[in-house]
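These notes are about the structure you will find just below.
No experiment lies behind these values; they were computed from the predicted model shown. Counting from 1, the numbers follow the sequence of the chain as shown.
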Amino acid sequence: MIRLFIIINLLLSTALAESDLYSHNDELSEVLAQNLYEPNYFSLLIGLFIVICLIYITGFVYQKLIKVKVNNSDSANKISIISTTALGQGKNLHVIKLNGKYSLIGATVHNITHIKDFDESEIENFLKEEDDKDC
């Protein structure tokens, strides 16, 4: 960035030196004679702050758009993973909700097995028992 600024200054000063404006305008010659190669740290910090703010704003907007896409999906079969427990490397138990029904499935690298279906009342009782254990 500073190198680009130096190159532009050199080109501008040589162009102005050849023109009549540079030789006749004392204020312009004084400005060009000053040290223009010092960076303005305040403007650099403000620019950095603006870029960081734009990154956070973009992430916030992206996060909101993703939530809107997920919540507006009107598919007939809504599947959601309620809970996952790892049994070993590549072996998991999942409790899933499919069209309002809860199921326990086992998943490995090569196979998915349906283990048991649950009623909503069984899930509520299980969650109550877990809450009682935590207290």
Side-chain angles (χ1 to χ4, degrees):
M1 181 74 176
I2 294 174
R3 289 181 185 173
L4 179 63
F5 184 68
I6 292 170
I7 292 171
I8 291 173
N9 268 341
L10 289 175
L11 292 175
L12 184 64
S13 64
T14 56
L16 287 175
E18 294 174 0
S19 71
D20 291 335
L21 290 174
Y22 183 75
S23 59
H24 296 296
N25 194 345
D26 293 332
E27 292 177 10
L28 183 61
S29 62
E30 288 178 18
V31 169
L32 289 175
Q34 292 176 357
N35 189 3
L36 298 176
Y37 303 117
E38 286 185 25
N40 187 353
Y41 293 112
F42 182 72
S43 65
L44 289 174
L45 290 176
I46 294 295
L48 179 64
F49 178 74
I50 290 171
V51 168
I52 290 172
C53 288
L54 286 175
I55 290 171
Y56 278 110
I57 290 170
T58 304
F60 180 74
V61 169
Y62 178 74
Q63 199 173 33
K64 291 296 180 184
L65 289 176
I66 292 298
K67 286 182 182 178
V68 168
K69 287 182 182 178
V70 170
N71 292 338
N72 287 340
S73 63
D74 294 329
S75 62
N77 296 326
K78 291 188 177 183
I79 300 173
S80 60
I81 298 174
I82 305 301
S83 178
T84 300
T85 302
L87 300 176
Q89 186 175 2
K91 299 173 187 170
N92 298 312
L93 285 176
H94 302 283
V95 177
I96 61 169
K97 183 177 180 182
L98 175 65
N99 288 333
K101 296 180 182 178
Y102 294 91
S103 297
L104 177 67
I105 60 170
T108 64
V109 176
H110 302 289
N111 195 11
I112 298 174
T113 305
H114 178 263
I115 298 172
K116 185 178 178 182
D117 286 329
F118 295 103
D119 294 331
E120 194 165 332
S121 61
E122 288 177 309
I123 295 293
E124 289 175 4
N125 289 337
F126 176 74
L127 292 175
K128 286 180 186 176
E129 289 174 8
E130 287 295 317
D131 288 338
D132 292 338
K133 288 180 185 177
D134 290 340
C135 293

- prompt: Sequence neighbours excluded, which residues qualify as side-chain contact (heavy atoms from CB on, under 4.5 Å) partners of V109?
  reply: none

- prompt: Are L87 and I96 joined in one hydrophobic group, where the rule is that I, L, V, M, F, W and Y side chains link up if heavy atoms are under 4.5 Å apart?
  reply: no

- line: Taken in chain and number order and not counting sequence neighbours, the residues that satisfy side-chain contact (heavy atoms from CB on, under 4.5 Å) with H114 are S103, I105, D117

field: side chain to side chain donor-acceptor pair (under 3.5 Å) partners of residues 79-93, not counting sequence neighbours, each pair once
entry: T84-H94

message: Tell me every residue that passes side-chain contact (heavy atoms from CB on, under 4.5 Å) with I52, counting only those two or more places apart in sequence or in another chain.
response: L48, Y56

- request: Could you list the residues that satisfy side-chain contact (heavy atoms from CB on, under 4.5 Å) with L104, not counting sequence neighbours?
  value: L93, V95, I115, F118

- prompt: For I50, which fellow cluster members are found when Ile, Leu, Val, Met, Phe, Trp and Tyr are connected by side-chain heavy-atom distances below 4.5 angstrom, either directly or through intermediates?
  reply: F42, I46, L54

